[in-house]
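For reference, the structure is listed below as structure tokens.
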Amino acid sequence: MAPPVPSAGARLLLRRLLSTAVEAAETVAAPAAKTGAKGSKAGAKGAKAGAKDARSLYRRLSALGNAGDGSVSRVLNKWVLEGREARAVDLAKYVKELRKYKRHAQALELMDWMVKTKGMNMSYTNHAIRLDLIYKVRGIEAAEQYFVGLPDPAKNHRTYGALLNCYCSAKMEEKATDVYRKMDELGISSTTLPINNLMSLYMKLGQHNKVTRLFDEMKVKNVKPDNLTCCILMGSYAALNKIDAVEDVLKEMEEKDVALRWSAYSTLSSIYVNAGLFEKAESALKKLEGLVEAQDGRQPFDFLMSLYASVGNLSEINRVWNVVKDTFQKITNTSYLGMLQALYKLNDADRMKQIYEDWESNYENYDVKLTNMMIRAHLRNGMTKEAELLWEKAKEKGVDFDSVTCELFLEHYMGKGDITSALNWVEIMTKFSKKERKLDQEKISKFFKCFEEHKDVEGVERFCNCLRTLGCIDGKAYVSLLRTYLAAGKTNRSLRQRIKDDNIEICYDIGKLLKRIGDKGR
Ligand SMILES: *[C@@H]1O[C@H](CO)[C@@H](O)[C@H](O)[C@H]1NC(C)=O
Ligand SMILES: *[C@@H]1O[C@H](CO)[C@@H](O)[C@H](O)[C@H]1NC(C)=O
Ligand SMILES: *[C@@H]1O[C@H](CO)[C@@H](O)[C@H](O)[C@H]1NC(C)=O
Ligand SMILES: *[C@@H]1O[C@H](CO)[C@@H](O)[C@H](O)[C@H]1NC(C)=O
Ligand SMILES: CC(=O)N[C@H]1CO[C@H](CO)[C@@H](O)[C@@H]1O
């Protein structure tokens, strides 16, 4: 049976879940010290003078931004030259911070510096972290080599676990299973983390039966599942269209006293949504909301809004939005966007306008995604003027638009057959980088057909200029250009030269057309 097509919400959730699996793996690989801003603040409070210096070392590292290779070593060498101390414990903390902000190359450089320049010893945990960084920065082969080169005592559950995590992230099933088997032989596989990792790999690969088999193995090994195990299992049973089994998993987890978090119920709810079981979805959402704790932040509310939109309950969306407004001092653009998307789904344009205006008077950083969402709504409702006005207003503010804006207007005008307006948007689109430009062959043909029908020589010339800028002018485009000239009964002396300048061969068709529009071929 074909798995149900996941809704946008469910896909988002799945992606988040899988990335959580990987993050969880990394968290365990990291030292047991407390994570987050709280921890470092507490550390700063109890600081001595030396530690104060150390903080300013982190500030220097932090200020590097996205600086490339060698930048971290330069900062550290300069620091040491100034006669200051670089303590291993501090450096290890900075590695952690850099990883948190996904500055993996810099984190790795810092670790390499610790080892090579300072001859610092590596704990097993640090080996696991370094392995993970090497994978992220230099790839799987480099990570494998690093593992092979480790001294035997360092090949323990942490480093094996980190290697397994690399293979799972790289979706290398065979190698992952090999490592897992090896861990089995060594008697270090009987923990939740490696099994969760392997499960999420199988889930990503769509091998849902293997996921459930691993769960059986978990029971045999007497390993306690956690909320993540629960989410992965439910996802796999849902993909197998076994809703009853999904409910059984949840019951089993509750019986085993697994501390289920809100994410388990948002997974459950999106599974019900996909299965069209809206009432059950809503009751799962009630459970979800009951489990939200302060430390969970805004994310559960974003899911609540999105899922209530999926079940079509507008009053609940508005209620949750008010909870968000009451709970958090600041509303992020992500929350605003989530609210707009939810309202878009339910086609409540008036409420969208209210929310958008609320954001407009409160934002710190302009986020074009929100304006795009509003433009999308206006265009869908045929309110072209309002949409254009929004874009004009934003342009006056000096906002950088993205290719999505262009695409929205382009699609809209082409759909209406308003080629003149569509052409304006193609011209705007040429300002974006190549990979963002969306002009497929079908659209291109439609443009040419229209110009020829309307004998629109000026339009076709403008369009060909865009194609040239976009790097997709070809013989076919010139054939269309010439056919438009022919239809209009016009000619242009520079045509033959331009075709040559564009390195396009004057093929039979082009030659014939050139002759017919009166080009003498000189
Ligand atoms: C580093 O490890 C080596 C070998 O295990 C040991 O002999 C040495 O004392 C350690 N050095 C420090 C500073 O811990
Ligand atoms: C929305 O949810 C509320 C609370 O669960 C419920 O009372 C209401 O009937 C629902 N409305 C719709 C349209 O489903
Ligand atoms: C909010 O918008 C700014 C500007 O586009 C962006 O840099 C930032 O990542 C956005 N924040 C969130 C949470 O999406
Ligand atoms: C011929 O084409 C060029 C380039 O588009 C244009 O600048 C020029 O005005 C055209 N000449 C005539 C006579 O249409
Ligand atoms: C996906 C998810 O919610 N994972 C959580 C499972 O529980 C642990 C410990 O309670 C959390 O740290 C995870 O974030």
Side-chain angles (χ1 to χ4, degrees), residues 4-14 16-17 227 230-231 234-235 237-238 241 243-251 253-254 259-328 331-332 334-359 370 373-374 376-378 380-383:
V5 179
S7 68
R11 250 178 288 136
L12 180 73
L13 183 73
L14 197 68
R16 200 191 65 83
L17 255 174
N227 52 356
C230 176
C231 291
M234 288 195 297
Y237 278 125
N241 267 341
I243 299 293
D244 289 347
V246 171
E247 290 170 346
D248 290 343
V249 166
L250 201 72
K251 251 187 237 134
M253 296 289 167
E254 282 166 348
L260 291 178
R261 306 270 311 278
W262 67 269
S263 54
Y265 290 94
S266 71
T267 307
L268 179 66
S269 174
S270 72
I271 288 169
Y272 282 142
V273 165
N274 282 339
L277 301 166
F278 289 176
E279 261 176 49
K280 284 187 168 188
E282 289 203 52
S283 78
L285 289 178
K286 288 277 171 277
K287 274 213 158 133
L288 185 172
E289 203 171 344
L291 287 173
V292 175
E293 292 169 30
Q295 83 231 21
D296 295 328
R298 298 167 167 86
Q299 203 178 25
F301 296 103
D302 294 339
F303 277 102
L304 275 169
M305 286 190 295
S306 159
L307 286 162
Y308 273 122
S310 297
V311 299
N313 194 324
L314 183 64
S315 61
E316 285 299 281
I317 291 174
N318 283 317
R319 183 187 61 75
V320 173
W321 180 249
N322 288 333
V323 174
V324 172
K325 291 198 88 163
D326 291 343
T327 311
F328 302 102
I331 303 182
T332 61
T334 310
S335 291
Y336 273 114
L337 185 63
M339 180 61 176
L340 287 182
Q341 280 166 339
L343 294 168
Y344 179 83
K345 227 185 239 174
L346 302 189
N347 209 2
D348 189 341
D350 291 338
R351 181 79 174 128
M352 275 184 87
K353 230 172 135 179
Q354 274 177 15
I355 299 291
Y356 182 77
E357 280 163 9
D358 184 31
W359 169 72
L370 281 121
M373 202 62 223
M374 203 63 224
R376 194 187 294 271
H378 283 322
R380 181 174 67 180
N381 294 333
M383 293 160 76

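Counting starts at 1 for both ligands and their atoms, in listed order. Every value quoted in this text rests on a predicted model; they were computed, and no experiment measured them.
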Would a distance-only check, ignoring hydrogens and angles, find a side-chain to backbone donor-acceptor pair under 3.5 Å from Arg351 to Asn318?
-> no
Under a 4.0 Å N-O cut-off, is there an ion pair linking Arg319 with Glu316?
-> yes
Do you know the tightest heavy-atom contact between Val292 and Pro300?
-> CG2-CB, 3.7 Å
Mind checking whether Tyr265 and Trp262 have ring centres under 6.0 Å apart?
-> no
Do you know which two heavy atoms are closest between Lys345 and Ser310, and how far apart they sit?
-> NZ-OG, 3.1 Å
The side chain to side chain donor-acceptor pair (under 3.5 Å) partners of Arg376 (sequence neighbours excluded) come to none
Can you list every pair where an N/O of ligand 2 is under 3.5 Å from an N/O on the protein?
unit_1: ligand 2; atom_1: 2 (O); unit_2: Glu282; atom_2: OE1; d: 3.4
unit_1: ligand 2; atom_1: 2 (O); unit_2: Asn313; atom_2: ND2; d: 2.3
unit_1: ligand 2; atom_1: 11 (N); unit_2: Asn313; atom_2: ND2; d: 3.0
unit_1: ligand 2; atom_1: 14 (O); unit_2: Asn313; atom_2: ND2; d: 3.4

